[in-house]
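First comes the structure, then the notes that go with it.
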Number of protein chains: 2
Amino acid sequence: MNINKLLTHFSNYIPLNDEEITELSNRVIERNVKRKEFILQKNDICNNYTFIVSGLFKMYTVDKNGAEHILHFASENDWICDINSFHNKKQSLLYIDAIEPSTIIQIDNSNLMYLFTHYQKFDRTFRVLIENKFMELENRILQNISSKAEERYQFFLEQYPNICNRIPNVLIASYLGITPEFLSKIRNAISKK
Amino acid sequence: MNINKLLTHFSNYIPLNDEEITELSNRVIERNVKRKEFILQKNDICNNYTFIVSGLFKMYTVDKNGAEHILHFASENDWICDINSFHNKKQSLLYIDAIEPSTIIQIDNSNLMYLFTHYQKFDRTFRVLIENKFMELENRILQNISSKAEERYQFFLEQYPNICNRIPNVLIASYLGITPEFLSKIRNAISKK
DNA sequence: ATTTTTTCTTAATATAGTTTAAGATTTATT
DNA sequence: AATAAATCTTAAACTATATTAAGAAAAAAT
C-alpha cells in the first residue's frame, strides 16, 4: 500500500507512533489521476491537501488572454494544495492538473483539522513543511527580482534535476515568467557556449 | 509595556492563557533600533524571530555589483526573520535593517523552541503565521511571472497603503525588481492618465 | 501506421526595461 | 543656516524580452 510512502515522508520530519499512524491511515484516501485530469479547478474550494505518491502536477492561473502562469510544480514525495482556498474555504483562482499519470493520497480539511487538534505532531510537521516551502519561494522571489531569465533557467535546471526533463519547455517558460520562444533562444545561446 | 502589542497580535490567532502569557513574557526581550541599524547581517546566524512593535524594516541581499534586492518589508505588528538561517543555524545571505527608528520584541531560537515543545499553541500559531506569509509570497510570484512592472507597482500601492508612503521609491523599485529610473518613468506615465 | 496535436525552433519587428549621465529637489547632518 | 547626502526625474542609447508568423520535429491519439 502506498500509505507507506506517506509515513516515510512524515518520518523525515517527526516519526509517528502507532496510534498516529492508525489515525492518519483512516483519514486519507488514495486516488489515481490520469494525465491532464484536474484535482482543482478555478472557483472550486480546495478541500484537500494532496500528497503525491508518484507522478507530476502543475498549479497555475489562466489569465484573461488564456495564458497559463505556473505557480508550482510538484512531484513524488511532495505536497500540493491551494492553502488560501483550503484554510479560508474561499473559491480558488487556481487550477491543478496532472502532467503525468499519477497516484496521490489526499486528506480533506475536516480530517486534517481533526489531526491538528488531537495530535500536536501534525501542527508541528505542517509548520515545518510550510516553512520549507516558504524558503523555496523566498529564493524564487530573489531570483525573479535580481536575475536575468538565462540565470533563472540555469538555476531551475540545477534545483529540479529530477523533474526538469519530464516537463515540456513551454511549461518551464511559463514557470519562469518568459515566453517559450525566448526560452528557445536562451537554450540556443547556452548550447553555443 | 509593549508586550501587550505582541499579546494582542497572538490573540488574533489563538488567545493565550495566563500561563502562556507569563512564559512568553519571560522569554522575549524588547529593544529600540535606530534608523539604518542592522538586526541581521550577511554571514551572521539569525538567532531571533523579531516582532515589530513600531517602525519599519527591510530584508535584502546585496549582489556582486553592490545593488540591494529587497525580499521583504515589515512594519508594526508584523514579524521579520531569516527562517532558513534561524532553523538550520546557517550563515545568512541577508541583511535586515531599520528604515525608521523602531521598537522590536525578539525571541531567540532556544526560547522559541522551548515554547514549541511545551505549549502546542505556539506551533499552531506559527504554522498559521507562516501559512499567511506563504500565501502573500505566492501572490507576489504570480505577479512577477504574469504582470508588467506598472501593474506590479499599482498592486503594491494597493496592498501596502500604510507603508508605501514611508518608503523611498528607490527601495520600492528594488522590491519590484526594476530600476529607480524605470519606476520614475512608470510614475510619470500613471500621473498623465 | 497514420493523423492529429503538441512542442520546439528561427527570424523579423516591436515593446519593456536598463544604463549612463546629468540636473533638480528633498532630507539629513554639521 | 549651511553643507552634505540621498532621492527623484529626464532623456538618449542600449539590451532583454515579447509578439507574430511560419515551419520542423516529436509525441499522443486514432
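In the text below, chain A, chain B and the rest are named by the order of the sequence lines, each starting its count at 1.
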Face-on cation placement of [X] at [Y] ring, 6.0 Å and 45° thresholds:
{"X": "B:R187", "Y": "B:F182", "value": "no"}
{"X": "B:R127", "Y": "A:F116", "value": "yes"}
{"X": "A:R27", "Y": "A:Y114", "value": "yes"}

Carboxylate-amine/guanidinium contact [X] [Y], below 4.0 Å:
{"X": "B:K133", "Y": "B:D78", "answer": "yes"}
{"X": "A:K36", "Y": "A:D97", "answer": "no"}
{"X": "B:E76", "Y": "B:R166", "answer": "yes"}

Show the distances under 3.5 angstrom between N or O atoms of the protein and N or O atoms of nucleotides 13-23 of chain C.
residue: C:dG17; atom: OP1; partner: B:A149; partner atom: N; Å: 3.3
residue: C:dT18; atom: OP2; partner: B:T179; partner atom: N; Å: 3.1
residue: C:dT18; atom: OP2; partner: B:T179; partner atom: OG1; Å: 3.2

Quiz item: B:K90: what forms a side-chain contact (heavy atoms from CB on, under 4.5 Å) with it, not counting sequence neighbours?
Solution: B:N84, B:N88
What are the atom names and distances for every N/O pair under 3.5 Å that joins the protein to nucleotides 2-5 of chain C?
none

Quiz item: When clusters are formed by joining ILVMFWY residues with side-chain heavy atoms under 4.5 Å apart, either directly or through shared neighbours, do A:I99 and A:F156 land in the same one?
Solution: yes
Between [N] atom [atom2] and [X] atom [atom1], what is the distance in whole Å?
{"X": "A:K192", "N": "C:dT9", "atom1": "NZ", "atom2": "C1'", "value": "11 Å"}
{"X": "A:E68", "N": "C:dT6", "atom1": "CD", "atom2": "C1'", "value": "13 Å"}
{"X": "B:R35", "N": "C:dT29", "atom1": "CZ", "atom2": "C1'", "value": "11 Å"}
{"X": "A:N169", "N": "C:dT6", "atom1": "CG", "atom2": "C1'", "value": "13 Å"}
{"X": "A:R187", "N": "C:dT7", "atom1": "CZ", "atom2": "C1'", "value": "11 Å"}

Self-check item: Candidate pair A:H118 and A:E23, rule side-chain hydrogen bond (donor to acceptor under 3.5 Å, both in side chains), full reasoning
Solution: CA-CA 10 Å; A:H118 293 83; A:E23 282 281 16; over 6 Å; no
Exercise. Applying salt bridge (Lys or Arg N to Asp or Glu O under 4.0 Å), name anything that partners A:E138, two or more places apart in sequence or on another chain.
Key: none
Quiz prompt | Within 6.0 angstrom of B:D18 CG, more than 12 heavy atoms from elsewhere | solution = no
Self-check item: Nucleotides bounding contact with chain B, strand DNA chain D, heavy-atom threshold 4.0 Å
Solution: D:dT7 to D:dT10
Quiz item: With a 4.5 Å limit on heavy-atom distance, are the side chains of A:Y60 and A:I96 in contact?
Solution: no
Self-check item: the helix from C:dA1-D:dT30 to C:dT30-D:dA1: angle between end helix axes, five pairs per end, rounded to 10 degrees
Solution: 60°
Exercise. Describe, in one word, how the ring planes of A:F134 and B:H72 are oriented to each other, choosing from parallel (under 30°), tilted (30 to 60°) and perpendicular (over 60°).
Key: parallel
